[in-house]
Amino acid sequence: MPEKVRFDPTLVGALRDARHVCVLTGAGVSAESGVPTFREAQQGLWAKYDPLQLATPEAFERDPEFVWRWYRWRRELVSQAEPNDGHRALAELQDLVPRLTLVTQNVDGLHQRAGSRDVIEFHGNIFSNRCFARCNYDRLVECDDDTAVPTCPACGAPARPGVVWFGETIPEAALNASFAAAADCDVFLSVGTSSLVYPAAGLGAIAQEAGAITIEVNPNSTEQSEVFTAALRGNSGVILPKLLESLAH
Ligand code: BV8
């Protein structure tokens, strides 16, 4: 019989009474779907490469084919993954509260596949191709096992993955909507993120300063653990469904 997880009744009450819940997710929410987190050692032939060095415009300029090989490997990995109970719990929560804004740093599209609506993809989507040079072509594409650098169908320039690389600014609409939601929400849930990458990691502080109840869901502590209202230590695929169960009582 799985042990009963007891949550602080004030947290459950705050979530139940919330007018607006803002959720920020990171790679940890997809870990139980078998998608390695950003800071876990990469697998196989990618083990010796640091994602922080690969996910940059400089790496792409230097060797676009090499960077495309990494993204195609990740696309394949993600396309074989399924949403987990944590993704599904967040999709259910959206129908239990008056308003829920889900901001994800993840590029895997698993929240949408779990049924979450109006997801803000703060760092883009790994399945989109975008023109690297001139035009504003940006389209979701199917996985392919090509090895060449794809070209932009609109202008023939090289295409790049439609994600936000380190050193690149967050799409303005996503940035503004996320900041506004963090400043407006009554409860802020930070799920499965090491809270190291900015400006995403700054959303929790905005919510905190605006007087929201801030809750971290993570098996490990992060830089924000000390300043948040509460930390629910555990895997999101376990904690989130139980948090929803507690709402029902
Ligand atoms: C920006 C898309 C303005 C790509 C990603 C110097 C020059 C330029 C910028 C900077 C600089 N110094 C600092 C910066 C800012 C930089 C930054 O923050 N760097 C960090 C490393 C210090 N940020 C940027 O560059 C951003 N843009 O600032 O623009 C600007 C522009 C120019 C100059 C200055 C400023 C853009 C950042 C976007 C990068 N792109 N992804 C791709 O995916 O290929 S970020 C990448 O990291 C992923 O999206 C990932 O989501 C994200 C954050 O990591 P996490 O999600 O937190 O994942 P992580 O592995 O770290 O942690 C997992 C957590 O899950 C852990 O805590 C673990 O305990 C937990 N966990 C594990 N299992 C579970 C679990 N939790 C729950 N349940 C489980 N089962």
Side-chain angles (χ1 to χ4, degrees), residues 5 23-43 46 49-60 64 66-78 81 83-90 102-111 119-130 160-172 174-176 178-179 189-205 215-225 228 231-243:
V5 177
V23 185
L24 171 68
T25 63
V29 81
S30 296
E32 290 154 273
S33 297
V35 180
T37 66
F38 218 69
R39 276 162 188 74
E40 267 169 352
Q42 293 215 85
Q43 297 158 354
W46 299 103
Y49 297 103
D50 175 0
L52 299 187
Q53 301 310 318
L54 278 175
T56 65
E58 294 75 20
F60 189 79
F66 181 72
V67 172
W68 263 113
R69 273 210 301 279
W70 183 49
Y71 278 93
R72 284 197 173 105
W73 173 71
R74 288 174 62 198
R75 279 181 175 177
E76 194 50 45
L77 204 66
V78 167
N84 63 60
D85 290 344
H87 294 111
R88 281 188 283 273
L90 289 175
L102 175 55
V103 182
T104 188
Q105 299 172 88
N106 301 340
V107 296
D108 57 29
L110 288 176
H111 284 301
V119 176
I120 298 177
E121 294 184 309
F122 208 69
H123 294 153
N125 187 307
I126 199 167
F127 291 105
S128 75
N129 281 13
R130 187 190 308 156
R160 54 166 282 180
V163 296
V164 179
W165 281 327
F166 288 99
E168 294 186 321
T169 50
I170 306 300
E172 195 175 351
L175 190 72
N176 295 339
S178 304
F179 276 36
L189 285 175
S190 176
V191 184
T193 178
S194 58
S195 303
L196 292 173
V197 174
Y198 284 82
L203 293 174
I215 303 168
E216 179 179 74
V217 178
N218 193 321
N220 303 306
S221 62
T222 73
E223 292 186 352
Q224 297 194 318
S225 306
F228 270 30
L232 305 178
R233 285 283 167 256
N235 291 340
S236 45
V238 173
I239 295 278
L240 291 174
K242 290 184 181 303
L243 191 57

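Order of listing sets the numbers, starting from 1, for every ligand and every atom in it. The figures that follow rest on heavy atoms only: side chains count, while hydrogens, waters and symmetry mates do not. One is the number of the first residue; the rest follow in order along the sequence.
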Exercise. With E121, which residues qualify under salt bridge (Lys or Arg N to Asp or Glu O under 4.0 Å), at least two apart?
Worked result: none
Problem set entry | Whether S33 side chain and V35 backbone form a donor-acceptor pair below 3.5 Å | no
Problem set entry | W68 and F60 aromatic ring geometry - parallel, tilted or perpendicular at 30°/60° bounds | perpendicular
Seminar exercise, completed: Using heavy atoms and a strict 4.0 Å limit, residues surrounding ligand 1 turn out to be G26, A27, G28, A31, E32, T37, F38, R39, A55, Y71, R74, Q105, N106, V107, H123, V163, V164, W165, F166, G167, E168, T169, G192, T193, S194, L196, V197, Y198, P199, N218, P219, N220, N235, S236
For this session: For S225 and E216, test the side chains for any donor-to-acceptor distance below 3.5 angstrom and give the result as yes or no.
Result: yes
For this session: Report yes if some heavy atom in the side chain of H87 is under 4.5 Å from a heavy atom in the side chain of S30; otherwise report no.
Result: yes
For this session: Without swapping roles, check the side chain of D85 against the backbone of V238 for a donor-acceptor pair under 3.5 Å.
Result: no
